[in-house]
K.L.:
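One structure is given below, represented as structure tokens, and several questions about it will come after.
Order of the sequence lines fixes the chain letters, A, B, ..., with proteins taken first and strands second; residue numbering starts at 1 for each chain. Quick caveat: nothing in here was measured; it's all calculated off a predicted structure.
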Amino acid sequence: MTTNPAVRTRFAPSPTGYLHIGGARTTLYSWLFARHHGGTFVLRIEDTDEVRSTAESVTAILDSISWLGLDWDEGPLDFEHEKGPCGSYYQMKRLSSYQEQTKRLLDEGKAYRCYCTREETDAARQAAKAAGQPVPEDPCRRLSDAQRRSNEAAGRKPAVRFIMPDEGETVVDDLIRGQVHFENRLAPDLVIQKTTGGPTYNFACVCDDHAMRISHVIRGDEHLSNTPAQMRIYEALGWQPPKFAHLSMILGPDGTKLSKRHGATSVTEYRDQGFLPEALRNYLALLGWSNTESRQLFAPDELVAAFDLPGCQKNPATFDPVKLAWMNGEYMRALAPADIVKRAEPFLKEAGLFPPPPGPSLERLAALEREKFKLLPDVPGRVDFFYRETELTDKARKTLAAPEAKTVLAGLTELLTAFEPFTEKPLEEAIRAFCARKSLKPGQVFHPLRAAVSGRADGPTLFLMLELLGREAVLARLRKTSAGLGPN
RNA sequence: GCCCCCAUCGUCUAACGGUUAGGACGCGGCCCUUUCAAGGCUGAAACAUGGGUUCGAUUCCCGUUGGGGGCACCA
């Protein structure tokens, strides 16, 4: 991979919860873009919301990103350690750098201290709105020294506001959307430092993207309207802004922003449901990005090679769990049986099948059933009856309700009691001969046999299944099921 | 309410002025088959709408409608 120092992207989550599907996609695109161009991918934790940020969220987010197979060149390694030359990558550890820039803007008259309370600001905005003015001028913008002193004397703690231009427009040149124009008179003076002394998001973000030499800011659509203000800050500080690329939102099935009421929205939930990270990654890559061939399946390195911003979609995309499940099945089928078992281990454990009870090897069974697995829990789900008797499914019950079922099972029990060798081919020949002898259609025999022995109406190829189950289990279940059918 | 973005099958999307509007998921049918899958073949299914521009618009421009996002001392 060629390295390209000119490309540096970042993902900057605020640690106030799990990694959301939308965040995962943003991370993926930033990572893919960096990797595609041989650049650097940076992870930064935006923990300036003192009340909502938690250490657990940091860990959860890092875990989710790693689980997706994405790595970062700079950023936190865990809650204690970090790597990279632009540290710290936690905003709360960079407080002095924001204060330094705030001071600069204050000194240069590009920002001012604002003593208004939340209520006063709200009231002023309401009044302006009623008067048909889009944005009121902040009274603190032209405070006299005496007024300032009296505010200080009254114990009021100031926030710092950045002066936005009163006229003209700010143009964001977005890599995905093109030029987007914003009227400056509509933008109020932005708080850059809270009364607590901490920076606000839009300010910290600018300072850090500059300090970390970020070249391409790839982020969600919800930030597009923040961008003009950020650009004004870059300008005031005399900094070159990065290039911006705003990704459209991910919507739920009802067309509104994907949220918890639509079902699983965090990466961990998908992991826990038994999705493979490579499948989720592939699916997310396609949700808002495409290639001219409309290709669907990409190995990780193929994705890196193919991905670029021009393929990104401008319109929002609806998340489709059904297609995700299909894709997961594709990846499951591509796995070697031993890998299927390995990946499914947590789910096998949960089902009490790991370590496996006596019986055929899990690997053998995984090979037998592999094309039916869609999700990891399907592994124990389809294979459990080899190790233990299971409840009859409704369909199996129906099959066994056929009038001839009981006599068929009785006949088979008799046939198989001393049958040798108890292996696939001979069993098939013998059972087909049995059908002929009794003038029964194969289906009339095969179906109840399968149902009685496996407890279900679908499953592996019948005669191999009998072989793997072994004579003892087959006969025991034949008898038990038969008894359960009651007198004929 | 104001600002911004967006608009091709149900969904994800291809097309970059001239195509029988292509692919994928899902759905239907057929084949394969002891079941369920997988696989193969196949079918139904889309250019939101009204004006322009043009010899010609899905494609370019404007309006309408619809959807989304933003308007915090939250990120």
K.L.:
For the P atoms, the ones on U8(B) and on U13(B), what distance do you get once it is rounded to whole angstrom?
P.N.:
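These two P atoms come out 9 Å apart once rounded.
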K.L.:
Classify T256(A) by what it touches in the nucleic acid, base, sugar-phosphate, or nothing, heavy-atom distance under 4.0 Å.
P.N.:
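Sugar-phosphate, no base atom in range.
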K.L.:
Is it the case that the side chain of K374(A) and the backbone of N328(A) share a donor-acceptor pair, with hydrogens and angles ignored and the cut-off at 3.5 Å?
P.N.:
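Checked: no pair found.
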K.L.:
May I ask you to verify if any side-chain N or O of T16(A) is less than 4.0 angstrom from the OP1 or OP2 atom of A75(B)?
P.N.:
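Checking T16(A) against A75(B): no side-chain N or O falls below 4.0 Å of OP1 or OP2.
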K.L.:
Can you tell me if the side-chain N/O atoms of N315(A) get under 4.0 Å from OP1 or OP2 in U8(B)?
P.N.:
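Looking at the OP1 and OP2 atoms of U8(B), one of them is under 4.0 Å from a side-chain N or O of N315(A).
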K.L.:
When all nucleic acid strands are considered with a 4.0 Å heavy-atom cut-off, which category describes D122(A): base, sugar-phosphate, or nothing?
P.N.:
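Contact class for D122(A): none.
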K.L.:
Considering only atom P, compute the distance from U34(B) to C12(B) and round it to an integer number of Å.
P.N.:
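Result for the P pair: 40 Å, nearest Å.
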K.L.:
Which residue is it: K93(A), R10(A), R94(A)? I am looking for the one with a salt bridge (Lys or Arg N to Asp or Glu O under 4.0 Å) to D208(A).
P.N.:
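Of the listed options, the one satisfying the test is R94(A).
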K.L.:
Tell me whether the centres of the aromatic rings in Y201(A) and H223(A) are closer together than 6.0 Å.
P.N.:
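When the ring centroids of Y201(A) and H223(A) are compared, they turn out to be within the sub-6.0 Å range.
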K.L.:
Only counting residues at least two apart or in another chain, list the ones meeting side chain to side chain donor-acceptor pair (under 3.5 Å) with Y90(A).
P.N.:
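Once residues adjacent in sequence are excluded, Y90(A) has no partner under the side chain to side chain donor-acceptor pair (under 3.5 Å) criterion.
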K.L.:
Check whether the side chain of K372(A) and the base of C36(B) form a donor-acceptor pair under 3.5 Å.
P.N.:
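For K372(A), whose side chain was compared with the base of C36(B), there is a donor-acceptor pair (under 3.5 Å).
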K.L.:
Could you encode protein contacts along nucleotides 20-34 of chain B as a string, one character per nucleotide from 5' to 3', using B for base contact, S for sugar-phosphate-only contact and - for no contact, with a heavy-atom cut-off of under 4.0 Å?
P.N.:
--BBBSS-------B
K.L.:
For the C1' atoms, the ones on A24(B) and on C9(B), what distance do you get once it is rounded to whole angstrom?
P.N.:
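Looking at atom C1' only, A24(B) and C9(B) are 12 Å apart.
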K.L.:
First locate atom OG1 of T196(A), then atom CG of L95(A), and finally report the distance between them rounded to the nearest 0.5 Å.
P.N.:
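Nearest 0.5 Å value for the OG1-CG distance: 8.0 Å.
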K.L.:
Can you name the one residue among Y331(A), F307(A), W289(A) that meets ring-ring contact (aromatic ring centres under 6.0 Å, His included) with F298(A)?
P.N.:
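Exactly one option meets the ring-ring contact (aromatic ring centres under 6.0 Å, His included) with F298(A), and it is W289(A).
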K.L.:
Report yes if a side-chain nitrogen or oxygen of R177(A) is closer than 4.0 Å to either non-bridging phosphate oxygen (OP1 or OP2) of C5(B); otherwise report no.
P.N.:
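No, outside the criterion.
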K.L.:
Rounded to whole angstrom, note down the C1' distance from C32(B) over to U49(B).
P.N.:
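The same atom, C1', in both gives a distance of 48 Å.
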K.L.:
Counting the atoms with a prime plus P, OP1 and OP2 as sugar-phosphate, which does A317(A) contact under 4.0 Å by heavy atoms, base, sugar-phosphate, or nothing?
P.N.:
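It contacts sugar-phosphate atoms only.
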K.L.:
At 4.0 Å (heavy atoms only), tell me whether H223(A) reaches a base, stays on the sugar-phosphate, or touches nothing.
P.N.:
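Base contact.
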K.L.:
Determine the contact category for K257(A): base if any of its heavy atoms lies under 4.0 Å from a base atom, sugar-phosphate if only primed atoms, P, OP1 or OP2 are that close, otherwise nothing.
P.N.:
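The answer is sugar-phosphate, as K257(A) gets under 4.0 Å only of primed atoms, P, OP1 or OP2.
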K.L.:
Nearest 0.5 angstrom please: C114(A) SG to Y112(A) OH, how far?
P.N.:
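Answer for the SG-OH pair, C114(A) versus Y112(A), is 5.5 Å.
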K.L.:
With P as the reference atom in both, quote the distance from G66(B) to A57(B) in angstrom, rounded to an integer.
P.N.:
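G66(B) and A57(B) have their P atoms separated by 27 Å.
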K.L.:
Check every strand shown and say whether F319(A) touches a base, only sugar-phosphate, or nothing at a heavy-atom separation below 4.0 Å.
P.N.:
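Since no nucleic acid heavy atom lies under 4.0 Å of F319(A), the category is nothing.
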K.L.:
Just N and O in the side chain of K194(A): are any of them under 4.0 Å from OP1 or OP2 of C74(B)?
P.N.:
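The answer is yes; a side-chain N or O of K194(A) sits under 4.0 Å from OP1 or OP2.
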K.L.:
In whole Å, what separates the C1' atom of G26(B) from that of A45(B)?
P.N.:
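After rounding to an integer number of Å, I get 11 Å for this pair.
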K.L.:
For a quick check of understanding: with a heavy-atom distance under 4.0 Å over all strands, which category does C435(A) fall into, base, sugar-phosphate or nothing?
P.N.:
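It contacts nothing in the nucleic acid.
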K.L.:
For the P atoms, the ones on G63(B) and on G69(B), what distance do you get once it is rounded to whole angstrom?
P.N.:
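Their P atoms lie roughly 23 Å apart.
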K.L.:
Given A7(B), is OP1 or OP2 found less than 4.0 Å from the side-chain N or O atoms of Q313(A)?
P.N.:
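Checking A7(B) against Q313(A), no side-chain N or O comes under 4.0 Å of OP1 or OP2.
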K.L.:
Provide the distance between the two P atoms, one in C73(B) and one in C16(B), to the nearest whole Å.
P.N.:
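Those two atoms are separated by 47 Å.
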K.L.:
Would the base of C73(B) count as contacting T195(A) through its side chain, where contact means a donor and an acceptor less than 3.5 Å apart?
P.N.:
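Indeed there is one.
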K.L.:
Should the ring pair F446(A) and F463(A) be called parallel, tilted or perpendicular, given that the plane angle runs from 0 to 90° and is split at 30 and 60?
P.N.:
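The arrangement is perpendicular - the two ring planes meet at more than 60°.
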K.L.:
Let me know, please, whether T48(A) or M249(A) comes out on the 5' side of the other along RNA chain B by nearest nucleotide.
P.N.:
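Closer to the 5' end of RNA chain B: M249(A).
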K.L.:
At less than 4.0 Å, is any side-chain N or O atom of T200(A) found next to OP1 or OP2 of C73(B)? Yes or no.
P.N.:
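So the side-chain polar atoms of T200(A) never come under 4.0 Å of the phosphate oxygens OP1 or OP2 of C73(B).
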K.L.:
Working to the nearest 0.5 angstrom, can you tell me the gap between L427(A) CG and L464(A) CG?
P.N.:
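Rounded to the nearest 0.5 Å, the CG-CG separation comes to 10.0 Å.
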K.L.:
Which part of the nucleic acid, if any, lies within reach of Q193(A) when heavy atoms closer than 4.0 Å are counted: base, sugar-phosphate only, or nothing?
P.N.:
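Answer is nothing: Q193(A) stays at 4.0 Å or more from every strand.
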K.L.:
So what does G288(A) hit on the nucleic acid, given a heavy-atom distance under 4.0 Å: a base, only sugar-phosphate, or nothing?
P.N.:
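The residue G288(A) makes sugar-phosphate contact but no base contact.
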